[in-house]
Engineer: 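Mind having a look at this structure? Questions to follow.
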Amino acid sequence: MAGSYLPPESVEKLRDELLKLYGLEGSMFQQYITYWQELLKGNLGPSFASFPTPVITLIYRSLPWTAGLLVLTAMIAWVIGTILGGIATYRSKSLWVKIFEMLSNAVRPIPYYIFALALLIVFAYILRWFPAGGAFQIGIEPSYSWVFLKSVAKHGFLPALSLIIIGMGAWFLNMRNLTSNIIHEDFVVFAKQMKLKDQMILRNYVMKTAMPAQLTGLALQLGTVFSGTIITEIVFNYPGLGTLAFTAIMQSDYNLVMGITLCSIVSVALATLFVDLLLPFIDPRIQYTGGTS
């Protein structure tokens with residue numbers, strides 16, 4: 001309040017509380033130890049721009065939107081691209097393979113945000129088939145009702161479509177390149193000489209051999225929260241971690257930036273660990289053995 005007066009002891013007490021709140025008490029080493037102690041408790045400190053809201057609260061609010069968008073689009077693009085890429089190896093002369101390969105090569109170099117902007121202009125502003133932004137219609141209470149889920153699907157369709165189309169083309173070309181080399185391996189040639197069915201060779205020999213590389217790429221993409229989604233979320237004003245990170249950077253909210261970065265690092269590590277544990281069940285050539293004495 002203008003003209004109000006705080007006694008010196010109150011100012012000093014306020015200063016002490018702020019130092020404690022932001023972990024600035026003691027020496028640098030003590031601050032470092034305090035930081036790790038609070039981090040292990042799940043306390044990332046308060047947000048500077050949204051004080052006194054904790055950083056972890058803001059991340060919890062945005063993480064489901066990004067996780068839902070990223071995981072769904074990545075899985076759809078990976079499944080379709082991997083299957084079509086494997087089939088295309090045995091149908092290289094088919095018209096649909098040539099068309100799909102041409103389209104994949106055309107869209108792959110396009111950045112996510114450019115493609116997202118094009119979809120936004122065409123389908124939101126010109127045709128007006130989909131909303132221009134947001135995660136759901138204003139005025140609808142978040143719940144598991146059909147009205148809310150329908151609104152979420154409608155608002156998330158364009159950002160999801162932009163990520164699926166670009167990602168599907170990349171996975172198609174990756175799988176096509178892998179399988180094009182594998183079909184010339186000795187074990188595949190021997191299987192053909194044994195007169196095995198093409199479907200069996202494709203499924204059990206070619207695609208299974210290429211799967212570890214594809215799964216590793218999928219894990220890295222799932223773990224990388226900002227893999228193309230940060231600008232896509234900004235374009236569509238989607239309330240995910242990408243938009244939250246952009247806002248935090250613009251407002252110099254260092255606590256929130258560090259929290260989101262930490263979230264991305266942990267997600268990459270967990271996704272990679274999951275694939276490392278999964279690969280031996282897919283590829284028998286990979287085995288984990290204990291150390292020898």
Engineer: With sequence neighbours left out, write down each residue that passes side chain to side chain donor-acceptor pair (under 3.5 Å) with Thr82, or none if nothing qualifies.
Structural biologist: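 Partners of Thr82 by the side chain to side chain donor-acceptor pair (under 3.5 Å) criterion, ordered by chain and then number, come out as Gln214.
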
Engineer: CD1 of Ile76 to CG of Leu163: how many Å apart, nearest 0.5 Å?
Structural biologist: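 If we round to the nearest 0.5 Å, Ile76:CD1 and Leu163:CG are 10.5 Å apart.
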
Engineer: Could you pull out all donor-acceptor pairs under 3.5 Å where a side-chain atom in residues 117-127 meets a protein atom, sequence neighbours excluded?
Structural biologist:
none

Engineer: Leu241 and Ile260: which non-hydrogen atoms are nearest, and at how many Å?
Structural biologist: O-CD1, 4.3 Å

Engineer: Sequence neighbours excluded, which residues qualify as side-chain contact (heavy atoms from CB on, under 4.5 Å) partners of Val266?
Structural biologist: Leu262, Leu270

Engineer: Treating Ser162 as the side-chain partner and Pro159 as the backbone partner, does any N or O pair qualify as donor plus acceptor under 3.5 Å?
Structural biologist: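 Here the side-chain-to-backbone pair exists.
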
Engineer: Is Trp36 reachable from Val55 through a run of hydrophobic residues whose side-chain heavy atoms are each under 4.5 Å from the next?
Structural biologist: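 As far as the 4.5 Å side-chain criterion goes, Trp36 and Val55 are connected within one cluster.
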
Engineer: What is the distance from atom CG of Leu256 to atom OG1 of Thr57, rounded to the nearest 0.5 Å?
Structural biologist: 11.0 Å

Engineer: State which residues pass side chain to side chain donor-acceptor pair (under 3.5 Å) with Trp171; sequence neighbours excluded, sorted by chain then number.
Structural biologist: Gln221

Engineer: Could you tell me which residues satisfy side chain to side chain donor-acceptor pair (under 3.5 Å) with Tyr254, sequence neighbours excluded, listed by chain and number?
Structural biologist: none

Engineer: List for me each residue that meets ring-ring contact (aromatic ring centres under 6.0 Å, His included) alongside Phe157, sequence neighbours excluded, and say none if there are none.
Structural biologist: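 By the ring-ring contact (aromatic ring centres under 6.0 Å, His included) rule, Phe157 matches Phe130.
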
Engineer: Taking only residues two or more places apart in sequence or in another chain, which ones pass side-chain contact (heavy atoms from CB on, under 4.5 Å) with Ala170?
Structural biologist: Arg108

Engineer: Kindly compute the distance separating CD1 (Ile265) from OG1 (Thr261), expressed to the nearest 0.5 Å.
Structural biologist: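 Between atom CD1 of Ile265 and atom OG1 of Thr261 there are 6.5 Å.
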
Engineer: Given a cutoff of under 4.5 Å between side-chain heavy atoms of I, L, V, M, F, W and Y, with clusters grown through shared members, what are the other residues clustered with Val257?
Structural biologist: Ile249

Engineer: Spell out, yes or no, whether Ile164 and Leu84 are grouped together once hydrophobic residues are joined by side-chain heavy atoms under 4.5 Å, including indirect joins.
Structural biologist: yes

Engineer: Going by side-chain contact (heavy atoms from CB on, under 4.5 Å), name the residues that satisfy it together with Ile83, two or more places apart in sequence or in a different chain.
Structural biologist: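 For Ile83 the side-chain contact (heavy atoms from CB on, under 4.5 Å) partners, ignoring immediate neighbours, are Val79, Ile87.
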
Engineer: Which residues satisfy the side-chain contact (heavy atoms from CB on, under 4.5 Å) test with Met168, sequence neighbours excluded?
Structural biologist: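 In terms of side-chain contact (heavy atoms from CB on, under 4.5 Å), with neighbours along the sequence ignored, Met168 is linked to Ala77, Ile80, Phe100.
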
Engineer: Starting from Met258 and following side-chain heavy-atom contacts under 4.5 Å between hydrophobic residues (I, L, V, M, F, W, Y), which residues can be reached?
Structural biologist: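 Joined to Met258, directly or through intermediates: none.
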
